[in-house]
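Below: one structure, written as structure tokens.
So that the names make sense, note that chain A is the first sequence line, chain B the second, and so on, each numbered from 1.
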Amino acid sequence: MESRYTPAEIEAKWQQTWAEHQLYQTSETSDKPKFYALSMFPYPSGNLHMGHVRVYTIVDVIARLKRMQGYRVLNPMGWDAFGLPAENAAIERKTQPAKWTYQNIDQMREQLKQLGISFDWDREIATCSPDYYRWTQWIFLEFFKAGLAYQKEATVNWDPIDQTVLANEQVDAEGKSWRSGAIVERKLLRQWFLKITNYADQLLADLDKLTGWPERVKLMQANWIGKSVGAYLEFPIVGIDEKIGVFTTRPDTVYGVSYVVLAPEHPLTQKVATSDRVSAVEAFVQEVSGQSEMDRTAEDRPKRGIPTGGTAINPFTGEEIPIWIADYVLYEYGTGAVMGVPAHDVRDFQFATQQNLPIKVVIAPPDQPISDLKEAYTEAGTVVNSAQFDGMVSTEAKGEIVAYAEKQGWGKARIQYRLRDWLISRQRYWGAPIPIIHCPECGAVPVPEADLPVQLPEDVELSGRGGSPLSKLESWLNVPCPSCGTPAKRETDTMDTFIDSSWYFLRYPDAKNDQAVFERAKTNDWMPVDQYVGGIEHAILHLLYSRFFTKVLRDRGLLNFDEPFERLLTQGMVQGRTYKNPTTGKYVLPIDIKDPANPIDPDTGETLEVVFEKMSKSKYNGVAPGDVVDKYGADTARMFILFKAPPEKDLEWEDADVEGQFRFLNRVWRLVSESAESLKTARSQDLTKPEKELRRAIHTAIKEVTDDLQGDYQFNTAISELMKLSNALGDFPEKTSSAFAEGIKTLLLLLAPFSPHLTEELWHAIGQPESIHTQPFPTVDPTALIADEKTIVIQIMGKTRGTIEAATAIADDKVALEKFATDSDVARRYIDGKTIKKVIVVPGKLVNFVVS
RNA sequence: ACUCCUGUAGCCCAAUCGGCAGAGGCGGCUGUCUCAAAAACAGUCAGGUGCGGGUUCAAAUCCCGCCAGGAGUACCA
């Protein structure tokens, strides 16, 4: 065989052989248990980056391991192919989005294949293909039939750069678009929504079922859903036959209400204003609405508001209280109006102090007298100044007061969510058209199932400006109404691309079905996904939407499970070495650095800061996967990525460490190829002591690697175990021993999921006829793990004083060990002449003497 | 401001139920090879676990209080 390790040759060879033998095709007709391994599918930007390499490598190791462990594994791949970049690229390059996208897909598929990932390419999907979006549209119509898709005029987030609306989830805390980074504007538009709020409670409650998810992702979703338990209460307006409804989580403080506040956008603002105040109110509302969301919610800015002159009545006390308008009340949340209880709410306290509004204490702190409040008291306490509720504990008063309000017709218990309905219409071309026809007679009519897909027309003029491109295409736009035949118009908005990705995992089990969205039996068989791997950036967006879709489709009778993803692994970023000028903040190209040990700005001569940051073009810190594969091979790239950091942590790309992995694979190569011939004639006889020790090392490695891959996928420590085994084999002199042969085979089998090409080559080199990837994963022989002797730690007063060797039978027996240890030289040296007060014995590990 | 995560050797990272702080890699040093160097190979060096308390026979691990870095949320009534 080849004496040198030449990854380029063997990797190409085996990739071709595997493809010819369809080694990774999903087996469907088997009684093996199923395992669905899934990586979040990529957007086909045209270039694979290291982040991709990391996810797919992680999933590939899991898929390969599970196959060897006897599972039938589904490990599919596809493309999240709709979206704005294609449209923008098409405008720039004067081409069609479809053409650009499919070219990118071809390019990325090739790059992926070079990594040796065991995808079942027969199930490949692209969301922009009519075969796929036909069913996206079909699912939309399922939502429509269920009353979960509706149109509404609403103030929505408008991205001025991308020229489209966005969902709340797609706008970050600073009011910026997740894609373009532009500050979003608020616009009143008629848009399509999905009623995710109907499922708010289930989406929250079922988080408890997701025991295989990271806590922080669940926490983020719970916060996003934002459940608040409280009450809806109504305050009649003096002089008008209308009421102001408020939502509060503190009905127990209702006797302390000293004013009510409306959000500036509230429809009642003009009505409640007294004639002398109307113009001031109008001016205030104008001013606030002219401000961006940013300004309005900026940190520590004072609350602003004005009285309307109008008054309302607190039904509980009969008191007349002023109605104010203030910018700290959000129209989007609750009823857009709040009751002001300055004594027991931090914001109300601040506002009331500022505006000289009365502060009335109704909850007394347990042990303190009610004195002048310096700040709001928001804890529980004893109810005071609250008529018949006086003396109650405030937490109990909540229920009583709500019950009383309900009896009096003043309000009722209410649960409020922060979650809003999902805005899904986009005024762009490259997405799945919403399959609706607007008829002047019948309204919004669904496109009949037989007419799906509503195809995207190809002869379209793209400019990126002035509304949906589809609205300008008369031939496509005008159709007869499917139900009455009247001339009607198609819906011109396309769907948010997050819709496409909210169900793709349901399609893989039956990816080529052209009769139905999927065969229920197949999807129910493979789902839920056993292990999902992807970036933390989807903690809310994609993962919440997918959970929502799953629940709706379950309720439509299509699925028989509640949650789509059993276990979730969120992998960390891949960071590159970045040279940054500390004063200007500018990034410097690595090739401009003369001495990496002492990096200096070539322009200014300043010493540069060396940091690891997420790889990106603008930071000049990217490493191209292709370059690494060319230089070291895919196996080395895979090993490095898995070894350098635990999967959920950020990974710092260091060339020196890549070389370390390359060296390791070379060592394995040499170790196996040097002994390949003698292995074939390995003799078997009674084991010598060194052979027994080697077997113990072999089976310890099996145990450790299996454990590392069982629970939390600790690839880094698994690889270090493989290095240990490799070292032990290298040190072992008897290359013709059967124990050595067992060790070599075990090493290759354990390494196979990590370095599929190298192990396949060596597996054949030692005379094995079948593919290593179809072999069973090694299992532990418990008898091989038993050592004849164990090292026992001797401690005196908790301090280690030495160790003793004890026969295993003694070491594992508490009584025998105590005696053995007490008689040992080490112990005697320290306990002679002292009284033993207590002896702590940990069998197999240590003996600790407490002496006086 | 609040919540969560992370601080272990020069660096990346390990350490079952609390039980000898170290598995692996990088780097450094020494050697082999070489005219020399690089590469490769072999050997070797390394801190008491961010800080201060506490619990315990025993703490990197558990508890309390700080410090540093990162992430998320941020008037949600």
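Applying the salt bridge (charged side-chain N to carboxylate O under 4.0 Å, His left out) test to A:Lys227 and every residue at least two apart in sequence or in another chain returns A:Asp201. Every side chain to side chain contact (heavy atoms under 4.5 Å, CB included) that A:Glu818 has, sequence neighbours left out, goes to A:Thr822, A:Val839, A:Val841. Taking the side chain to side chain donor-acceptor pair (under 3.5 Å) definition, one finds that A:Tyr255 meets it with nothing, sequence neighbours left out. With sequence neighbours excluded, the residues satisfying side chain to side chain donor-acceptor pair (under 3.5 Å) with A:Arg638 are A:Asp60. Partners of A:Ala816 by side chain to side chain contact (heavy atoms under 4.5 Å, CB included), not counting sequence neighbours, listed by chain and number: A:Ile810, A:Asp813. Residues passing the side chain to side chain contact (heavy atoms under 4.5 Å, CB included) test with A:Glu805, sequence neighbours excluded: A:Glu789, A:Thr791.
The list of salt bridge (Lys or Arg N to Asp or Glu O under 4.0 Å) pairs with a residue in residues 656-666 of chain A, not counting sequence neighbours, reads A:Lys644-A:Asp657.
For the contact set between residues 215-226 of chain A and RNA chain B, defined by any heavy atom under 4.0 Å, the members are A:Arg216, A:Met220.
At B:rA77, one or more side-chain N or O atoms of A:Ser228 fall inside 4.0 Å of OP1 or OP2 (strictly under the cut-off). The shortest distance between the side-chain N/O atoms of A:Arg670 and the OP1/OP2 oxygens of B:rA42 is not below 4.0 Å.
With a glycosidic angle no further than 90° from 0, B:rG48 counts as syn.
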Atom pairs, protein N/O to nucleotides 19-25 of chain B N/O, distance under 3.5 Å:
residue, atom, partner, partner atom, Å
B:rG19, N2, A:Gln795, OE1, 2.9
B:rG19, N2, A:Asn848, ND2, 3.4
B:rA23, O2', A:Lys724, NZ, 3.1
B:rA23, N3, A:Ser720, OG, 2.8

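Of the candidates A:Thr636, A:Asp635, A:Ile719, A:Asp635 is the only one forming a side-chain contact (heavy atoms from CB on, under 4.5 Å) with A:Ser755.
Which of B:rC13, B:rC57, B:rU73 sits closest to the side chain of A:Lys838 comes down to B:rC57.
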